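To start, the structure under review is shown below, and the notes come after it.
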Amino acid sequence: MFEIKSGQATNKSEHYAELAEQARGMLAGEPDLIANAANFAALVFHSLPDFNWAGFYLYDGTELVVGPFQGKPACIRIALGRGVCGTAAQTRQTQLVRDVNAFDGHIACDAASQSEIVVPLVKADGTLLGVWDVDSPSIGRFDEEDRAGMEALCAVFMESVRG
């Protein structure tokens, strides 16, 4: 059984570092992508404050398809280049959006979402696995520390991906 631990972090960067270590331990030795994605989404969603959605969109070779997540039901398919997720997938650059209402082409799967961060997930061979998407009901929830922390968490997740 895995237990989410509240560490001794005194700031956001330390909290992300502790969370990355927990994720590394949780994913160690498990080769199943869906199992790891489900547990990773639950770990992050329940460890960081002020989220209303956290999860994966996996690339099927044509578009992004919703994968394991925590939160309300979500959009099922997103085209590359559409919305924050599609933009992150197409550009392969993390998208940090302080106010989704100011993002041209934002897709509102949940009207409560006000800010968002999306990290592209690229395999070692350069192919796109998908994206990691986190939404918050608060404008300005995500900053550069969150970008660095989410990118570090996604690097830990990608260590568990085979092929």
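Keep in mind that what you see is a predicted model, and the values were worked out from it rather than measured.
Closest non-hydrogen pair, P120 versus A88, comes out as CB-O, 3.6 Å. Contact detail for C75 and V66: the closest heavy-atom pair is O-CB, 3.5 Å.
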Which is it for M150 and V118 under the side-chain contact (heavy atoms from CB on, under 4.5 Å) test, yes or no, and what are the steps along the way?
-> CA-CA 9 Å; M150 289 293 177; V118 180; over 6 Å; no
Start with the C-alpha distance between E18 and S47, add both sets of side-chain angles, then the distance that settles side-chain contact (heavy atoms from CB on, under 4.5 Å), and finish with yes or no.
-> CA-CA 10 Å; E18 288 179 358; S47 297; over 6 Å; no
Test side-chain contact (heavy atoms from CB on, under 4.5 Å) applied to Y57 and V65, step by step | CA-CA 5 Å; Y57 278 91; V65 180; 5.8 Å; no
Begin with the C-alpha distance, continue with both residues' side-chain angles, and end with the deciding distance and a verdict on side-chain contact (heavy atoms from CB on, under 4.5 Å) for V44 and F157.
-> CA-CA 11 Å; V44 175; F157 177 78; over 6 Å; no
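A salt bridge is absent between D143 and R98: the closest approach of a Lys/Arg side-chain nitrogen to an acidic carboxylate oxygen does not fall below 4.0 angstrom.
The closest side-chain donor-acceptor pair between T94 and E151 falls under 3.5 angstrom. Q95 and T87 share no donor-acceptor pair across their side chains, judged by distance under 3.5 Å alone. Between the side chains of Q114 and N101, at least one donor N or O sits under 3.5 Å from an acceptor N or O.
Proximity of Y16 to D146: side-chain heavy atoms (C-beta onward) are separated by under 4.5 Å at one or more points. With a 4.5 Å cut-off on side-chain heavy atoms, V131 and L64 count as touching. Within the 4.5 Å cutoff, the side chain of L48 has heavy atoms near those of the L19 side chain. N36 is listed as a side-chain neighbour of S160, based on a closest heavy-atom distance under 4.5 Å. Using a 4.5 Å heavy-atom cutoff, the side chains of V156 and E21 are not in contact. Proximity of P68 to I34: side-chain heavy atoms (C-beta onward) are separated by under 4.5 Å at one or more points. Residues E30 and L27 are not in side-chain contact: their nearest non-hydrogen atoms beyond the backbone lie 4.5 Å or more apart. In this structure, Y59 and L80 have side chains that are in contact, with non-hydrogen atoms separated by less than 4.5 Å.
Residues forming a side chain to side chain donor-acceptor pair (under 3.5 Å) with K72 (at least two apart in sequence, or on another chain): none. With sequence neighbours left out, S113 forms a side chain to side chain donor-acceptor pair (under 3.5 Å) with N52, D135. Listed by chain and number, the residues in a side chain to side chain donor-acceptor pair (under 3.5 Å) with Q90 amount to none (sequence neighbours excluded). With sequence neighbours left out, R92 forms a side chain to side chain donor-acceptor pair (under 3.5 Å) with no residue at all.
For the atom pair CD1 (I117) and CZ (R141), the distance works out to 9.0 Å, reported to the nearest 0.5 Å. If you take NZ on K12 and NE2 on H15, they are separated by 10.5 Å, rounding to the nearest 0.5 Å. Distance check: L58 CG to L121 CG gives 8.0 Å after rounding to the nearest 0.5 Å. Atoms CG and CD, from N39 and Q22 in turn, are 12.5 Å apart once rounded to the nearest 0.5 Å.
Heavy-atom neighbours of I139 CD1 from other residues, nucleotides or ligands within 6.0 Å: above the threshold of 12. Annotation: R82, atom CZ; neighbour count of heavy atoms from other residues, nucleotides and ligands within 6.0 Å does not exceed 12.
For residues 128-155, the pairs satisfying ring pair (Phe, Tyr, Trp, His ring centres under 6.0 Å) are F40-W132, F51-F142, F56-W132, with sequence neighbours left out. Judged as a ring pair (Phe, Tyr, Trp, His ring centres under 6.0 Å), the pairs with a partner in residues 61-99 (not counting sequence neighbours) are, in order, W53-F69.
With hydrogens and angles ignored, the 3.5 Å screen pairs a side-chain donor or acceptor of S115 with a backbone N or O of S138.
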